[in-house]
Structures are given as structure tokens and as C-alpha cells.
Amino acid sequence: PEAINIQELANRMSERAVDVIRLLMKQGAMHKITDVIDADTAQLIAEELGHTVKRVAASDVEEGLFDAVDDSTDTEPRSPVVTVMGHVDHGKTSLLDALRHANVVSGEAGGITQHIGAYQVTSPESGKKITFIDTPGHAAFTAMRARGAKVTDIVVLVVAADDGVMPQTVEAINHAKAAKVPMIVAINKIDKPDAKPERVRTELLQYEVQVESLGGEVVDVEVSAKNKTNLDRLLEMIALQADILDLKTNSTRPAEGTVIEAKLDRGRGPVATVLVQRGTLRIGDIIVAGAEMGRVRALISDQGDTVEEAGPSVPVEVLGFNGPPEAGDRLAVVENEARARQITSYRAHRKRENAAASISGMRGSLEQMMS
Ligand code: GDP
Ligand code: MG
């Protein structure tokens, strides 16, 4: 439910916060100026102070933007989205780079993938596509989760065979478990003379990660990012895990997705890498993400090609935002610019309010300090 900080409520009515608190006290509730009260209580107070209340609920503005609940039309299979995690120096970046080039060998032109924050590869055995989020590390994963964005279907946990389970390995395991995302263990650096893959498997047991050879259900693959050993097998295991997850989507609806990263590019203006999750994103679509809006001017694939559209599980660079959104912001296509403006101005307002509320405290709100 909606809620408001007492100081902010007072500001909006141009009343004194103490008067709000006094009224609340009359109703039997003791509050500090920094307390947050629910919208119904706030409305009551406002009316008692003689104000007319026009409530704009998030649900009014955001209505129909994401029908996460209505997934009855999700009937088409989609590729899995994978995040690579693990301890520093265990080879996350090396593995992501090696996988990126893993099936470039198979001929055809181009093949020079550019870093846009995510990329797709095809498993050579099954021909199935897999999307990798190209920002290894827990910060990105946690930030996305904190924003309620769920992009990852599978976590690949990288553990160096010469180093074993380390603090960030454990952190990654906890992240994956908390997010209820299945894990595949890539035991990396098996080319090293002091590699002890068996020790890694045993150590993982302490954290309730039980690989198949030790009687569990977690798949592990011994790899060398350096020598590109067993990468095809890793891809195939990911594809298999994805089959089990039975991931479904609907490519025919207006696009929904998540911003993986965004920046202000000198030449191109605001550029956002978006992972499309449902529907199809097309040139000309009117889009909102966080407090930013725009019209899709160009879409650029992970191969650096200009494309007309991007479907589910496909990462694309999106040009046409008025300003760069933030990583983790959810993207939606809306019917027209007026709607986009309504949504983004509401969100911008909320954002300012939250920022003000968090710095206000007892000294009063930002507005008061400035006036
Ligand atoms: P990250 O911190 O997890 O991203 O690790 P990096 O990919 O940066 O790798 C850390 C170091 O390990 C680098 O010096 C890599 O060259 C090296 N490295 C990564 N994978 C392998 C591997 O499979 N074998 C060997 N011998 N070295 C590797
Ligand atoms: Mg790295």
C-alpha cells in the first residue's frame, strides 16, 4: 500500500508537521516527524485539516504495465538467461570471454561481438541459444534483485580448481539460493598443475551444494577458460538445465524487459542495453524505463548489427531514450507519448520525494530548506 512520511504530508498541505502529529495523537497514535503513515490515515488527517485529497496511486499510473500475474499467454519456449558468479580471480571474465567466442569458430561472417552488457551464444550440440549477462559479479545481481528485477534463470558458479571455495563463492551460493535460481558449477582452471577439482566438490558440500558425482543434483563441469576446454559441455549443461525449467514467454505482446546497463554516449546520446523478456521490441516503439521515456530510434544486437526488432531473451542496445535509465529498471512499451509522459513524470516525482524524505529527517524536508 501507499505510504507517506509525516513531514512530506505536512509539506504538501502547507501545514506544520506538529499539527499532523497532534491529530494523529488524538487518534491514539504516537508518531515522530520522520514516521511513515499509510495513505488512508494520511487522507483522514488531510481531510480533518480541511484539504481535499486527490490520491494518485501507483496502481493507477502503472496499471497494465507489467502483467506478471497474467502469464497465461506465455506459451512459447524461450532461451535461458545466465549470470556468472564466483570469487574474484576465479575466472568469471575469462569464462565469459571464452564463451562469447566459443561458437564464433563455426564460420560465417562477422563474429566480432561487442560488449553491450549481455550476449547470446548457440550451444553447438543442441543448437539452443543461451543469453549471458556480461557483468559478472554480485553487485549487479543484488542491485537488480533489490529493484525487483528478475532476469537470471540460471547461475553459473565459477570456482577455481587451484583455489577452492572462497568467501565470494559462498556469497554467490547464498545469492542463488535466496533468489531460488538453479546453479551449475564450473570448476575452472583445470589446466593448472595444482588443480584439485575433487577438493572443490567436497568443499561445496559444506554449503549444501551437492554435485551429481557425490549423490546430489547439482551439475558440475570441469573447464579451462584459458584453453577453452569443455566449454561446449558447459553450454550443453546450461541448455539441459533450461529444458528442465521449461521457460516460456509470449513474443507477440508489447515488449517488457529489464535495463542491464545504461550510459550517456557522447555521439549517440542515452544508450541502454535491454534484455527483452516478453514480447517484441521494435523500432518506433514508445518506451518507458524507470523515470525515463523515449521512442526506439535504433536497436543494435550483441554482434553490432542494426536490427529491426528484438524478441524474448534477446539483449539489445536501445537508442532513443531521452535520458539514460538505471540498471535494473524495467522497460515497457506503452501506447502513446502522453501515457509515457504520465508514467515517467509520476515516477520522477516519486523519486524526488523519496530522495527528499531520506535526507529530511528532523530538520524538515528539502523543499522547506530551500524556500
Ligand atoms: P575474475 O576476477 O573472476 O573475472 O577472473 P579473471 O577472468 O579476471 O581471471 C583471473 C586470472 O585467472 C587471470 O589472470 C586469468 O588469465 C586467469 N585464468 C582465468 N581462467 C583461467 C584458466 O582456465 N586457466 C588458467 N591457468 N588461468 C585462468
Ligand atoms: Mg572479472
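Numbering of ligands and ligand atoms starts at 1, following listing order. FYI, the numbering just counts along the sequence from 1. Everything numeric here is computed off the predicted structure, so don't read it as measured data. Values below: every heavy atom of this structure, side chains too, minus hydrogens, waters and symmetry copies.
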Option with minimal heavy-atom separation from atom 18 (N) of ligand 1, where the choices are Lys226, Lys189, Lys228 = Lys189

Among Asp162, Asn188, Asp163, side-chain hydrogen bond (donor to acceptor under 3.5 Å, both in side chains) partner for His90 = Asp163

Does a side-chain N-to-carboxylate-O contact under 4.0 Å join Arg233 and Glu125?
-> no

Going by the 4.0 angstrom heavy-atom rule, the piece of Asn188 near ligand 1 is side chain

Pick one of side chain, backbone, both or neither for how Thr93 approaches ligand 1, counting any non-hydrogen atom pair under 4.0 Å.
-> both

Please determine if Val223 has a nitrogen or oxygen closer than 3.5 Å to a nitrogen or oxygen of ligand 1.
-> no

Quick one: which ligand 1 atoms are inside 4.0 Å of a heavy atom on Asp89?
-> 1 (P), 2 (O), 3 (O), 5 (O), 10 (C), 12 (O)

Side chain to side chain donor-acceptor pair (under 3.5 Å) contacts in which one or both residues fall within residues 280-293, not counting sequence neighbours = Arg282-Glu309

Distance-only N or O hit between ligand 1 and Val88, under 3.5 Å | no

Carboxylate-amine/guanidinium contact Arg100 Asp134, below 4.0 Å = yes

Would you mind listing which atoms of ligand 1 come within a distance below 4.0 Å of any non-hydrogen atom of Ser224?
-> 23 (O)

So, are Arg199 and Asp194 salt-bridged, with charged N and O less than 4.0 Å apart?
-> no

Confirm or rule out an N/O/S atom of Ser94, from backbone or side chain, lying less than 2.8 Å from the Mg ion (ligand 2).
-> no

Between Lys92 and ligand 1, is there a nitrogen or oxygen pair with a distance under 3.5 Å?
-> yes

Using a strict cut-off of 4.0 Å, indicate which atoms of ligand 1 neighbour a heavy atom of Lys192.
-> 26 (N)

Enumerate the residue pairs fulfilling ring-ring contact (aromatic ring centres under 6.0 Å, His included) with a member in residues 156-207, sequence neighbours excluded, ordered by first and then second residue.
-> His138-His175, Phe141-His175

Carboxylate-amine/guanidinium proximity below 4.0 Å for Glu198 and Arg201 | yes

